[in-house]
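Here the structure comes first, spelled out in structure tokens, and everything after it is commentary.
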Amino acid sequence: MTQAPFGRRRGVLASIRKVGAYHLLEVVDRGGPDPEPGQFYMLAAVSGWGAGTDERPFLPRAFSCMGGSAGRVWFMLEDIGPGTHRLARLQKGEPLWLTGPLGHGFRMPEDGRRPILTGGGVGVPPLVMWSQALVERGARPTLQFGFRDAAHAAVAASFDTVQIATDDGSVGHHGLVTELLAAELHRDPHATVYSCGPPGMLEAIRRMCLEREVPAQLALESGMACGFGACFGCVVPLSGGGYARVCVDGPVLDATAIDHVPAH
Amino acid sequence: MSAVDFCGIELAHPIVNGSGTFDAIAAHAVFGDALLEDFPFSAFVSKTITLAVRDGNPPPRLWETPSGMINSIGLPNKGLAGYLEHDLPKLAALPVPLITNVMGSTAGELCELVAACDGQEAIRAIELNVSCPNVKTGLDIGADPASLAEVMRAVRPQTAKPLIVKLTPNTADVALVAAAAEAEGADAVSLINTLRATAQHPDGSGRPWLGGVTGGMSGPAIRAVALAQVTAVAARVSIPVVGMGGVQRGEHAAQLLRAGATLVAVGTESFRDSAAGSRIARELDRLEAR
């Protein structure tokens, strides 16, 4: 786990680009350490944070990074609420607050298992970063992404080997990405599954992997106030009882460790 | 920075943390020794410890409000035995004095907790969380002066260490409760705790969003309420007051000090900026130097 510098620090938006339904942000983070795949940052705009609908946003927002090295970090977001709305309107050169990299990222597959990376929607970024790290380490990951429609799937167009599923059938397989995963596991179950995506998708993947006794690492998302273990707000129920904090115990947790993925 | 004497404990500056708003053990794992080199508070207040282990409330536990938030965490903790065995040795190694916060639903439970803390050299002061329903009346112990006085009469003889009563703002007259705490031997009072609040599910069904149904509101949205209550309590009692509620900058801390507080606690702002405590202490120092 890469440790974060203490306190929030100022980054600067280097670029912002709209790709289909998503915004891709490149942030200059001088002095920040390189993140590991699956780690996340807490982000907030320095100005105009709290100037939106209902005087929100107030708290910083958690985002997994899509990549990061040499003082640059990449993020992807969809403008769906007051926090993402403000961040999507950041201008090049504008400052933003960062805390991170935070949490525990993905771990290498064991026993020679092949990595299958299955996710969707705003869960794509950590899987993209992990996929690149796996390739650098000589592994050959299978990538499967699910999206609502073609506008959301556009972000995956640059990856030539990815399997795509869309809810409306406008791109790739007409149906759920979990169906693609089931087919892959049927073909060769000697795999480790890595997943990040909406709660319903993650829960379906958790169940599928448990039933087939396939190890799975799930990168969980949760509303959180702090990102460093202070607020105890971002909990997920554990299979042995009690709760884990997504921010400091995760965000990547073994499918066997959790009782279920909360539906929010 | 200006040192402060708080109940006989010398603190480097007046900024501490509100109980349950900073996990120094988790933060040390996340940020490493940089946390200890610039520790953001002049004393560390633990989260609330209860006799038994508590898992806390089912999620969701958070809701963002205009300029603030509601938490419905449910006081998860390892219980007294777990705290003493696992957490206390780590908290004792922090570079600042330790205040342990405890909560019980009966006077007997609180006595057991306070007596156990009394035996620990590393614990310099004990804060009583009295925002807990009295098992007989169903009212929060800290909402009713008579109920609080009864608990204090049982608890006070259990320790010679400073006892701080954390007052709840969810009562008719907080100054009356503070006076009852002082009359029964409290060494200090701290306020305000969070304001009781709730939120509905955004799906429009009207069902509660929070797993615990209700929670406590904090952040700058409640700062003016905190200022009014700290002012009222400081005017009523002669023991030290720890003021808190929505403090984000040195000026907000200065206002609570002018209202009569001896220390100021930072809570929600630490969620937004892990180093907020030391930043606010520095800002306060610059204001005082003017």
Side-chain angles (χ1 to χ4, degrees), chain A residues 1-9 33 39 42 44 49-61 81-83 97-104 199 222-238 241-249 259-264, chain B residues 17 20-40 47 53-77 201-203 209 211 215 218-221 267-268 270-279:
Chain A
M1 177 185 100
T2 302
Q3 283 184 335
F6 180 47
R8 67 181 179 186
R9 60 190 181 275
Q39 288 194 297
M42 300 300 288
W49 199 251
T53 307
D54 287 339
E55 315 309 318
R56 293 169 63 207
F58 170 66
L59 298 164
R61 299 294 195 258
W97 293 120
L98 291 98
T99 302
L102 297 164
H104 296 277
S222 175
M224 54 181 75
C226 67
F228 59 93
C231 77
F232 284 78
C234 60
V235 294
V236 55
L238 293 171
Y243 297 100
R245 281 172 281 182
V246 168
C247 66
V248 289
D249 300 316
D259 183 75
H260 66 273
V261 179
H264 42 74
Chain B
N17 65 299
T21 64
F22 201 93
D23 182 337
I25 296 169
H28 188 207
V30 171
F31 300 116
D33 287 341
L35 172 76
L36 308 181
E37 286 153 19
D38 184 23
F39 197 74
K47 65 183 157 197
V53 176
R54 286 171 68 109
D55 288 336
N57 290 338
R61 291 177 168 186
L62 300 175
W63 179 259
E64 188 178 75
T65 71
S67 303
M69 59 181 283
I70 304 171
N71 81 78
S72 181
I73 308 298
L75 306 174
N77 75 96
H201 198 287
D203 67 7
W209 166 256
S218 65
T268 303
S270 296
F271 297 159
R272 291 163 28 110
D273 175 7
S274 53
S278 35
R279 171 176 56 77

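In what follows, every chain begins at residue 1, and chains take the letters A, B, ... in the order their sequences are listed.
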With a 4.5 angstrom heavy-atom cut-off, which part of [X] approaches chain B: side chain, backbone, both or neither?
| X | value |
| --- | --- |
| A:A4 | both |
| A:V235 | both |
| A:F228 | both |
| A:P101 | neither |
| A:R245 | side chain |
| A:L102 | side chain |

In terms of heavy-atom proximity below 4.5 Å to chain A, should B:N57 be classed as side chain, backbone, both, or neither?
-> backbone

Which portion of B:A276 sits near chain A, non-hydrogen atoms under 4.5 angstrom | neither

For each of A:C231, A:G229, A:S222, tally heavy-atom pairs with chain B at distances under 4.5 Å, and name the one with the top tally.
-> A:C231

Residue from A:R8, A:M1, A:E55 scoring the most non-hydrogen pairs under 4.5 Å with chain B is A:R8

Answer whether the closest heavy-atom distance between the side chains of A:F232 and B:N71 falls below 4.5 Å.
->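 Answer no - side chains too far apart.
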
Side chains of A:Y243 and B:P58 in contact at under 4.5 Å (non-hydrogen atoms) = yes

Return the option, out of [options], with the maximum number of heavy-atom pairs under 4.5 Å with chain A.
| options | value |
| --- | --- |
| B:R272, B:E64, B:K47 | B:E64 |
| B:P66, B:A26, B:A34 | B:P66 |
| B:G267, B:S67, B:P76, B:S72 | B:S67 |

Take A:F58 and B:T65 through the test side-chain contact (heavy atoms from CB on, under 4.5 Å) and record every step on the way to the result.
-> CA-CA 8 Å; A:F58 170 66; B:T65 71; over 6 Å; no

Could you pull out the closest heavy-atom pair between B:A275 and A:G7, with the gap in Å?
-> CB-CA, 3.8 Å

Give the minimum heavy-atom separation between A:A225 and B:L62, together with the two atoms involved.
-> N-CD1, 3.5 Å

Measure the CD-NE2 distance between A:Q3 and B:H28 for me, rounded to the nearest 0.5 Å.
->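 Here the rounded value is 7.5 Å.
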
